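Here is the structure we will look at.
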Amino acid sequence: MNLSGATLLGFTGIYILAIVGLALWAAARERRGLAAHHDPREEHELGGRSLGFFVLLGTLYATQYSGNSFIGFTGKAAREGYAFLGGPLFMQSVIVGYLLFAPALFRLSRRHRYRTPGDFYLHRFEHRGLHMLASAIMLFALLNFVLSQLVAIGQLTLVLGRDNAIHPAWGIMTLAVVMATYENVGGMRAVAWTDLLQGALLFLGVVGLFFVIETSFGGFAQALVVFRENWPEKLRPPDARGLTQWFGSIMLFVGGAAVYPQAIQRIYSADSARSLRRSMAIMGLMPLLTTLPLVLVGIFAQSRAGSTVLSGDRAMPFLLDLISATPLGAVVSLMVLGGAVAAMMSTADSALLTTSSIVNRDWLERYVIPNREPQFYLRIAKICTWVVVLPLGLFATWSVSAGITIWQILSIKLELLMQTAPALWVGIRSDRLTGNRAFIGMLLGSAFTVACWVLSVHSETGAIALFVPAHTQAEWSTARAPLGLQAGVWGLGLNLLICLGGIYSRPRSRSVVA
Amino acid sequence: MPPARQTRDARDAHDEKDDVAAKPEVPPWVWIVFTLIYLITIPWYLSRDWIDPTFWAFPAWSTVMVGGATALAAFNAYVFLRHWPDDDEDGDSMEDGQASRAGDSMEDGE
């Protein structure tokens, strides 16, 4: 990238100062909240359930759009061409997925003071096995989230710092420490307010990139011409196999991305149903204003790379290199850089807070060290943040060297996370679904998904699919995606059938009351 | 524990349990409309050769898709704003003493 080390360092410094300033302000608000609130954990984990429309929208947006949007989506669009225009539709499906449970879950969370997604499972089903399994899956997904964002930060550091020989560990560990610190001092308020800033940066980065390409670098219509000449096959709509994958991806986002535990905590944190539904209504528009431009940007990057195929997630770094050659492009590059880092940090910090919340609430408070003072658990939650982030930071540093790509990591966590959805969808509507049946459904759905991943091996090397970079997918996809459909979607179908079978085979015992 | 107290606790737990499974608030016809929008938006029925005419940066087939995605966003917004009514849980109306006694308590103060 054609930006000097001093410019990058100065920009990063200003960004970190702004984040820390916002976090300190949020911490002061949390202290006032703590004085007024009887439970400090609710204040720390959910911001005292007081997030209004604007902050809620910012934090939902910044949490939902991660490093994967900037790096993974553009990389995939560069590789697949116009057939990846389904990307915005996938992201819209997340909001459709919220409609399946959010209105009822919000009401229940207020009435019964849920703090984690696990609270619902335990309260509704009274089944500890189900509660522990759902919490374990969520925890796995959350750790995966934090790790994938730290890996993305490392990859960005690697690209930006290559002229100055900056090791990825610097970027990863600096931002990890900043995140853990502001989360410790300000809890959910700090995370949500910094998310608002990060969401604004993310959006500005996308808009800036879109306009500079359209006005100064030949535009997106030109990319279409280049694709027609060089890769006409990539101009076509998806074939039967591609459509199957589209269907799978829509299910993956309806079932998996809509039940992100950190997003569910944001539902709990809303100050009112009015704020929540207005935020969600606008979130439905954001894929058209964020994902769609980023897909076009990925396609444009490949059109400018010519015969060089932008494999893996190399589209965005290539593009930043390209546009930073002009003064306007350099400014936009900084905006994109800020947006990308903001997207990564905002997703990671939310996942980090929810991780400590689940460890604390769902495991320690309930099973390991119950009946202690709220202040004790609050201290544990803060320690937990550090215990999680520091080892993951070291692991991420190793991962960057090993070349693990983001899309791969996203796939497995979503496919497992979606196994928690049927119990939520069905259990929130019907009192006839029993805990045992929901547990069996979740267990079998998860076991099937993991088995497919583990049994799927690389055709030449024999390596387990889980550890093969994403762009070699075609060589090992048979067991990973039976009949072309992701294993997790098959698992979800099995899981849902078991849950639905439960409600239709059992007589209705009493009326369902809102 | 006296029998009278046991009876009251059991009744309270039953009443609270009733509302754990809550009514879906989105009317069923909404899901039919969503399905129709998806069926129109996903290009399963379009010819794979339908590239021309192109519109700005989009091959012909993808304009149908982008149009469908726009309709999905608009309908999404409509459903969230019109079919998710404000209810009595707005504001700070949490019922402090109303935690479940089913399984582990939702309230630590109990």
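Here the structure is a predicted model, which is why all the values come from computation and not from measurement. In what follows, chains are A, B, ... by sequence order, proteins preceding strands, each numbered from 1.
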Between the CZ atom in A/Arg278 and the CH2 atom in B/Trp84, the distance rounded to the nearest 0.5 Å is 13.0 Å
The interface call for A/Asp239 against chain B, heavy-atom contacts under 4.5 Å, is both
Whatever's closer than 4.5 Å to a heavy atom in chain B on A/Leu243 counts as side chain
A/Val96 versus B/Trp31: any side-chain heavy-atom pair under 4.5 Å?
yes
Minimal heavy-atom distance between A/Pro238 and B/Pro43, with the atoms involved, is CD-CG, 4.1 Å
Turns out that what part of B/Ser47 lies under 4.5 Å from chain A's heavy atoms comes down to backbone
Turns out that what part of A/Pro237 lies under 4.5 Å from chain B's heavy atoms comes down to both
So OG1 of B/Thr54 and CG of A/Leu224: to nearest 0.5 Å the spacing works out to 5.5 Å
- Do A/Leu296 and B/Trp56 have side-chain heavy atoms sitting under 4.5 Å apart? yes
*asked:* Using modelled atom types and a 3.5 Å cut-off, is there a donor and acceptor pairing between side-chain atoms of B/Arg48 and backbone atoms of A/Arg236?
replied: no
The interface call for A/Ser50 against chain B, heavy-atom contacts under 4.5 Å, is neither
Applying a strict 4.5 Å limit to non-hydrogen atoms, the region of A/Ala83 in contact with chain B is backbone
When the 4.5 angstrom heavy-atom criterion is applied to B/Trp50 and chain A, the contacting part is neither
message: Counting only heavy atoms from other residues, nucleotides and ligands, does the tally under 6.0 Å from CZ of A/Phe217 exceed 12?
response: yes
CG of A/Leu99 to CZ of B/Phe34, rounded to nearest 0.5 Å, is 5.0 Å
Any A/Tyr98 side-chain heavy atom under 4.5 Å of B/Phe80 side chain
yes
Applying a strict 4.5 Å limit to non-hydrogen atoms, the region of B/Trp61 in contact with chain A is side chain
Notebook entry, point to check: Below 4.5 Å, heavy atoms only, C-beta onward: do A/Leu89 and B/Tyr38 meet side chain to side chain?
Noted result: yes
When every non-hydrogen atom of B/Leu72 is compared with those of A/Gln92, the smallest separation belongs to CD2-OE1, 3.5 Å
Okay, A/Leu292 and chain B: the region with an atom under 4.5 Å from a heavy atom over there is side chain
When rounded to the nearest 0.5 Å, the distance separating CE of B/Met65 from CH2 of A/Trp246 is 4.5 Å
Interatomic distance, CG@B/Asp49 vs CG@A/Leu235, rounded to 0.5 Å, equals 11.5 Å
Bottom line for A/Leu105: the part with an atom under 4.5 Å from chain B's heavy atoms is neither
Whatever's closer than 4.5 Å to a heavy atom in chain B on A/Leu288 counts as side chain
*Is the number of heavy atoms from other residues, nucleotides or ligands within 6.0 Å of CG (B/Asp52) greater than 12?*
yes
Turns out that what part of A/Pro232 lies under 4.5 Å from chain B's heavy atoms comes down to neither
Whatever's closer than 4.5 Å to a heavy atom in chain B on A/Glu214 counts as side chain
